[in-house]
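Below is one structure, written out as structure tokens; comments come after it.
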Amino acid sequence: MKTAKSKWKTALLSLTIAGTALLAVAPGSSALAQRNEDVEGGGGGGGGGYTPAPTTSQSTAQTLGALSQEASWQSSNGGRYMNTRATLQRSGPLAGRLDAVTRTKNSVKLTGFTGGVFILLRNNDGAVIGVTDQKKFGVDGTWIGRYDRTDYWSQDFSPEVAADTVSLEIIQQHAAKDLDDQLAYWHDTVCTNSKLFGYPLPIGCSQ
């Protein structure tokens, strides 16, 4: 009888010790679980969650819209006509790209002509900071041959020049010496202004 009672007391003591040990461990486990929950949920109120470092993306960079211009020219007698549309990309992967389309038309029956066109790029101060090459397009008289044509052309500028361009000026007319002289003048002007504003020098400018 005494032996059974002794065994019962020993089992009760073991159960009490085990229960006490379980209570001692449980709060720590509960706190650990709460901490893990905070970290996985984004840190809670200063719970130590990881916040990724901010990154710079293309969407946050400044984006300048493309710049477009259209202009027409007609001879004094109305028989010769030119129209040019141009678009300059000012940002993005195509920054500095100028695309243009020129239509040259003649309504004179027996004589043709050659039209010339070039485009000036101006900054916010009105200074000319870029100029395209001159493009020449010839047409025949209406009784002779091809008297109406459309040509697509392009030219690349530095992204710095494109970003600072706020207006395009299209110059077109009969491709005579006068137009060549105008182009030479504006090319020299661009060389001077490129040095002034710190742009890369176009081809043909002296250092």
Side-chain angles (χ1 to χ4, degrees), residues 56-106 111-139 148-207:
T56 302
S57 65
Q58 184 65 30
S59 61
T60 61
Q62 183 182 16
T63 300
L64 297 172
L67 191 63
S68 297
Q69 183 63 47
E70 181 173 1
S72 297
W73 167 84
Q74 195 168 14
S75 62
S76 58
N77 65 2
R80 296 163 176 174
Y81 170 85
M82 296 184 73
N83 175 271
T84 297
R85 300 191 309 272
T87 299
L88 175 68
Q89 304 296 331
R90 297 189 294 168
S91 62
L94 294 179
R97 177 81 170 187
L98 184 147
D99 293 295
V101 54
T102 297
R103 181 185 182 189
T104 309
K105 184 179 179 180
N106 184 27
T111 58
F113 84 101
T114 299
V117 56
F118 60 85
I119 300 174
L120 306 178
L121 283 60
R122 294 183 181 270
N123 67 7
N124 196 49
D125 297 321
V128 176
I129 57 177
V131 59
T132 68
D133 300 329
Q134 182 180 174
K135 303 299 180 180
K136 296 183 179 182
F137 307 109
V139 287
D148 191 349
R149 61 183 289 176
T150 298
D151 296 274
Y152 297 85
W153 55 281
S154 64
Q155 188 160 328
D156 292 316
F157 295 88
S158 70
E160 299 94 329
V161 168
D164 284 357
T165 299
V166 298
S167 66
L168 303 174
E169 182 180 352
I170 300 171
I171 298 178
Q172 55 193 339
Q173 64 182 62
H174 184 254
K177 184 178 183 302
D178 172 62
L179 195 61
D180 295 336
D181 291 342
Q182 289 185 55
L183 179 60
Y185 168 79
W186 288 119
H187 185 271
D188 290 342
T189 300
V190 169
C191 291
T192 299
N193 290 339
S194 294
K195 295 175 184 178
L196 179 64
F197 291 104
Y199 300 132
L201 291 180
I203 297 174
C205 295
S206 59
Q207 296 294 328

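Numbers here simply count residues along the sequence, with the first being 1. Nothing here was measured: the structure is a model prediction, and the numbers come from that model.
- A heavy-atom distance below 4.5 Å is found between the side chains of Leu168 and Leu121.
- What you find for Thr165 and Val161 is that their closest heavy atoms are OG1-O, 2.7 Å.
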Report, one line per pair, each donor and acceptor closer than 3.5 Å where one atom sits in a side chain of residues 182-190; sequence neighbours left out.
from: Gln182; atom 1: NE2; to: Asp178; atom 2: OD2; distance (Å): 3.0
from: His187; atom 1: NE2; to: Ile203; atom 2: O; distance (Å): 3.1
from: Thr189; atom 1: OG1; to: Tyr185; atom 2: O; distance (Å): 3.0

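- Here the closest heavy-atom approach between residue Ile119 and residue Ala100 is recorded as CD1-CB, 4.4 Å.
- By the side-chain hydrogen bond (donor to acceptor under 3.5 Å, both in side chains) test, Thr87 pairs with Ser68, sequence neighbours left out.
- Of the residues Asn83, Val117, Thr150, Ile170, the one that meets the side-chain contact (heavy atoms from CB on, under 4.5 Å) test with Thr102 is Val117.
- Side-chain atoms of Arg97 and Ser154 form a donor-acceptor pair, as typed in the model, at a separation below 3.5 Å.
- If you take CZ on Phe137 and CE on Met82, they are separated by 7.0 Å, rounding to the nearest 0.5 Å.
- Under a 3.5 Å cut-off, the side chain of Gln172 and the backbone N or O of Ala71 do form a donor-acceptor pair.
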- Task: Dump the intermediate steps for side-chain contact (heavy atoms from CB on, under 4.5 Å) on Trp73 and Arg80, then the final yes or no.
- Result: CA-CA 8 Å; Trp73 167 84; Arg80 296 163 176 174; 4.1 Å; yes
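- The side-chain hydrogen bond (donor to acceptor under 3.5 Å, both in side chains) analysis of residues 193-207, with sequence neighbours excluded, yields the pairs Asp164-Tyr199.
- Contact record, Leu179 with Phe118: CD1-CE2, 3.6 Å, taken as the closest heavy-atom pair.
- Residue Ser72 comes nearest to Tyr81 through the heavy atom pair OG-OH, 3.6 Å, listed as atom of the first residue, atom of the second, then distance.
- Across Arg90 and Gly65, no two heavy atoms sit closer than the pair NE-O, 2.8 Å.
- Rounded to the nearest 0.5 angstrom, Thr84 OG1 and Arg103 CZ are separated by 12.0 Å.
- At distances below 3.5 Å, at least one donor-acceptor pair connects side-chain atoms of Asn77 with backbone N or O atoms of Gly79.
- Across all non-hydrogen atoms, the minimal contact from Phe113 to Lys105 is CE2-O, 3.5 Å.
- For the atom pair CZ (Arg85) and OH (Tyr152), the distance works out to 7.0 Å, reported to the nearest 0.5 Å.
- Side chains of Gln155 and Thr132: no donor on one and acceptor on the other come within 3.5 Å.
- Enclosure of atom CZ in Arg122 by more than 12 non-hydrogen atoms of other residues, nucleotides or ligands within 6.0 angstrom is indicated.
- Within the model, atoms CG of Asp99 and CG of Asp156 stand 8.5 Å from one another, a figure rounded to the nearest 0.5 Å.
- Taken to the nearest 0.5 Å, the CG atom of Asp151 stands 14.5 Å off from the NZ atom of Lys136.
- The backbone N or O of Thr63 lies less than 3.5 Å from no partner atom in the side chain of Ser91, so there is not a single donor-acceptor pair.
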